[in-house]
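Heads up: the structure comes next, in structure tokens.
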2 protein chains.
Amino acid sequence: MTQKQSAKEPVLDAFERVVIERGERAATLEAVAVEAGVSKGGLLYHFGSKKDLVDGVIERISASATDYSDLLRASPEGVVSTFIRTSVTAGTDFDNSYIALTRLAQSGIYPEARAALARIETEWFDLVESEVGDPGVARLVLLVSDGLYYSSALFPDATTRTDAGSLDEVIAVVADLVRARRG
Amino acid sequence: MTQKQSAKEPVLDAFERVVIERGERAATLEAVAVEAGVSKGGLLYHFGSKKDLVDGVIERISASATDYSDLLRASPEGVVSTFIRTSVTAGTDFDNSYIALTRLAQSGIYPEARAALARIETEWFDLVESEVGDPGVARLVLLVSDGLYYSSALFPDATTRTDAGSLDEVIAVVADLVRARRG
DNA sequence: GTCTATACATGGATAGAC
DNA sequence: GTCTATCCATGTATAGAC
């Protein structure tokens with residue numbers, strides 16, 4: 001089932017890339033077709049409408065969100081640190097789907113995108129809260145994560161806030177916080 | 001100078017409203033004209049192009065950003081707490097301009113919007129850092145603020161994370177953190 | 001399954017009347 | 001200073017050839 005729509009995946013990748021790099025507006029059927037190396041007609045055979053492309057992104061991310069949660073749970077460094085560290089986009093498949101989804105959600109035309117994001121964030125909140133045992137801290141961690149995704153996607157070249165050093169600093173600060181709240 | 005373009009202000013308000021409520025894509029000249037209660041031609045007399053509308057938002061927010069910084073500095077509760085508290089949109093003129101600007105910046109078509117946001121965030125960072133005296137904490141506070149603006153604008157009805165109670169909780173957590181780092 | 005051609009609607013912007 | 005009418009480009013989607 002995972003690989004059954006092998007022809008569709010590259011098109012979805014292209015769609016996400018255009019949305020991230022040039023914005024939802026620029027992600028026209030034409031532009032996505034060019035990026036994917038197919039014709040407009042070819043694209044529309046696989047995805048009958050633009051909404052189908054959005055639904056495709058949602059389906060993919062719903063599947064990989066579970067894998068991501070498993071990865072966080074299994075992380076030796078701990079859920080919180082790993083969660084924060086991976087909230088700066090590194091261009092992974094998951095990152096790309098997630099950022100594309102936030103852009104689509106903010107464009108206002110796709111309520112399903114907003115709903116999907118809400119589901120994912122709830123899952124993350126529960127996971128973080130189960131580790132830190134404090135809803136206030138969990139909320140803060142989620143906000144930091146949102147801030148990191150937002151900043152790193154909007155300012156890919158920024159040297160403040162999303163570079164490795166700043167990130168380690170933020171993680172250290174949060175670790176201090178968790179300790180302070182426990183002690 | 002503040003009120004010299006009195007006819008332009010309502011149009012900019014309408015533009016921001018449509019961008020926030022229905023997305024950049026929906027903010028067509030037609031839609032903005034209807035929202036502002038003028039004709040397309042009437043709108044285009046004041047703003048010769050869509051880019052002019054964006055520039056108008058940037059000009060306005062650049063002016064009010066200074067007022068906002070003054071307000072933060074003068075706040076009895078302290079810069080950090082007030083900054084976080086006011087990062088949940090309350091529908092003020094500043095909030096509306098700021099959120100509209102983040103949407104425009106993410107749409108990718110307006111580099112000026114991105115640049116304006118970067119300037120504002122730098123100003124905020126300096127202000128927060130001067131109070132907490134710790135760049136790591138300042139960075140975290142900025143990320144929380146970004147997260148709050150993002151969440152509250154994307155999920156206006158969410159009862160988690162952006163309601164008054166959760167907000168107080170987050171502020172308390174950050175206050176704990178500032179103390180922990182100082183002591 | 002992928003392409004070309006085309007229909008149709010909409011968005012940005014200009015010209016010119018009032 | 002605000003309106004209507006209109007032009008042109010672009011975006012979505014369909015039909016049908018290959």
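Every chain is numbered from 1 and lettered A, B, ... according to where its sequence line falls, protein lines coming before strand lines.
Candidate nucleotides C:dC3, C:dG11, C:dA13 were compared by shortest atom distance to the side chain of A:S39, and C:dC3 ranks first. Here the nucleotide nearest the side chain of B:H46, chosen from C:dT2, D:dT2, D:dA13, is D:dT2.
What separates NZ of A:K50 from P of D:dT14 is a distance of 15 Å, to the nearest Å. Between A:E30 atom CD and C:dT2 atom P there is a gap of 17 Å when expressed in whole angstrom units. Rounded to whole Å, the distance from OH on B:Y45 to P on C:dA15 is 16 Å. Taking atom CG on A:L44 and atom C1' on C:dA7, their separation rounds to 14 Å, with Å as the unit. One interatomic measurement links the two molecules: CG of B:L29 to C1' of D:dT2, which rounds to 16 Å at whole-angstrom precision. We find that NZ of B:K51 is positioned 16 Å from C1' of C:dA13, with the value rounded to whole Å. One atom, CZ of B:F47, and another, P of C:dG11, lie 20 Å apart when rounded to the nearest Å.
Contact annotation: side chain of B:K40 to base of C:dG12, donor-acceptor pair present below 3.5 Å.
In this pair, B:Y149 and B:W124 present their aromatic rings parallel. The plane angle is below 30°, not in the 30 to 60° band.
Where B:A26 and A:V38 each meet DNA chain C at their nearest nucleotide, the meeting point lying more 5' is that of A:V38.
Here B:E121 contributes atom CD and A:L154 contributes atom CG; the two are 8.5 Å apart, rounded to the nearest 0.5 Å. Between the OG1 atom of A:T102 and the CZ atom of A:R114 there is a distance of 13.5 Å, given to the nearest 0.5 Å.
Distances shown here put every side-chain N or O of A:R25 at or beyond 4.0 Å from the OP1 or OP2 atom of C:dT10.
A:V18 and A:V54 fall into different hydrophobic clusters, where Ile, Leu, Val, Met, Phe, Trp and Tyr are joined by side-chain heavy atoms under 4.5 Å apart, directly or via other members.
Residue B:T28 is in sugar-phosphate contact alone, with no base atom involved, counting any heavy-atom pair closer than 4.0 Å across all strands shown.
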